[in-house]
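Take a look at the structure below.
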Amino acid sequence: MDIDKDLFELVYAFVRKVPPGKVVTYGQVADGVTGAALTARQVGHAMRYAPNDVPWQRVVGAGGRLPIARRSPQMKLQQRRLLEQEGVAFLPNTEDQVDMSRFQWLPDPPSTAQGSLFSED
DNA sequence: CTAATGACGCTAC
DNA sequence: CGTAGCGCCATTA
């Protein structure tokens, strides 16, 4: 499988620049990638074919859920484990939902700084 | 070429 | 909170 598609490269580049301890949603990536009108579906596929140098674990579904949990329960544990290892915490009473309120990565935040759009602390 | 599937998202029921 | 349907697009059969 050769990745000749620049679209995927754009997605990989975006995911690669996601800092540890932070997560992004598929829709956010699709909307964040410039130069290409990507959809969440394309991002999902890009992740599926993502090389090993792409932190796919930092990409979660809308609302911080792990859609892959339904596909591969084992992979779900893998992702959760990796995220927790980076400092990302999950919501209580849940097994596959990330605490977006504190760990969602805000690419190119406004001058507002600390742009905690979801900050509630 | 068409049909079915899938690491998605949203709305409807 | 659950399932179902539709839209989206790339890959596979």
Side-chain angles (χ1 to χ4, degrees):
Chain A
M1 299 291 283
D2 294 80
I3 308 299
D4 294 317
K5 298 295 182 179
D6 293 323
L7 309 180
F8 281 34
E9 285 298 312
L10 290 172
V11 176
Y12 299 151
F14 191 95
V15 176
R16 268 191 282 246
K17 75 179 189 176
V18 175
K22 292 290 181 179
V23 296
V24 288
T25 66
Y26 285 91
Q28 199 174 347
V29 174
D31 186 57
V33 173
T34 51
L38 290 170
T39 66
R41 207 84 188 232
Q42 288 178 274
V43 176
H45 279 137
M47 297 282 78
R48 187 184 186 197
Y49 303 110
N52 192 33
D53 61 296
V54 177
W56 58 270
Q57 62 230 39
R58 292 175 197 152
V59 183
V60 299
R65 298 189 348 247
L66 309 183
I68 85 173
R70 199 170 60 179
R71 298 293 188 200
S72 303
Q74 199 163 9
M75 194 164 244
K76 178 197 69 176
L77 296 174
Q78 176 72 359
Q79 182 171 18
R80 177 177 177 173
R81 182 174 172 179
L82 288 168
L83 291 175
E84 288 184 319
Q85 193 172 354
E86 294 180 353
V88 177
F90 284 67
L91 291 175
N93 295 359
T94 67
E95 297 181 351
D96 51 8
Q97 194 166 352
V98 181
D99 187 349
M100 301 298 286
S101 310
R102 296 184 298 171
F103 299 106
Q104 182 173 32
W105 179 53
L106 302 176
D108 192 349
S111 307
T112 333
Q114 306 171 15
S116 308
L117 182 62
F118 298 91
S119 183
E120 57 184 83
D121 182 49

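Here is the naming used below: chain letters follow the sequence lines, and residue numbers restart at 1 for every chain. Everything numeric here is computed off the predicted structure, so don't read it as measured data.
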Note: contacts of residues 19-37 of chain A with DNA chain B (heavy atom, under 4.0 Å) are A/Tyr26, A/Gly27
Using heavy atoms and a sub-4.0 Å distance, could you list which residues of residues 63-85 of chain A are near DNA chain B? By number, please. A/Pro67, A/Ile68, A/Arg71, A/Met75
A/Tyr49 has an atom OH; how far is it from atom P of C/dC9, in whole Å? 16 Å
If every non-hydrogen atom of A/Ala69 is compared with every non-hydrogen atom of A/Asp96, which pair is closest and at what distance? CB-OD2, 3.8 Å
Do any N or O atoms of the protein come closer than 3.5 Å to N or O atoms of nucleotides 4-8 of chain C, and which pairs are they?
residue : atom : partner : partner atom : Å
C/dG7   : O6   : A/Arg41 : NH1          : 3.2
C/dC8   : N3   : A/Arg41 : NH1          : 3.3

Please check this pair: side chain of [X] against backbone of [Y], looking for a donor-acceptor N/O pair closer than 3.5 Å.
X       : Y       : answer
A/Gln79 : A/Val59 : yes
A/Glu86 : A/Leu83 : no
A/Gln97 : A/Gly64 : no

Should [X] and [Y] be regarded as members of a common hydrophobic cluster, given that ILVMFWY residues are connected when their side-chain heavy atoms come within less than 4.5 Å of each other, either directly or indirectly?
X       : Y       : answer
A/Tyr49 : A/Met47 : yes
A/Val23 : A/Leu91 : no
A/Val18 : A/Leu7  : yes

Using the salt bridge (Lys or Arg N to Asp or Glu O under 4.0 Å) criterion, which residues pair with [X]? Sequence neighbours excluded.
X       : result
A/Lys76 : A/Glu95
A/Arg80 : A/Glu84
A/Arg16 : A/Glu9, A/Asp53

Select one nucleotide: of B/dC10, C/dA10, B/dA7, the one nearest the side-chain heavy atoms of A/Ala62. B/dC10
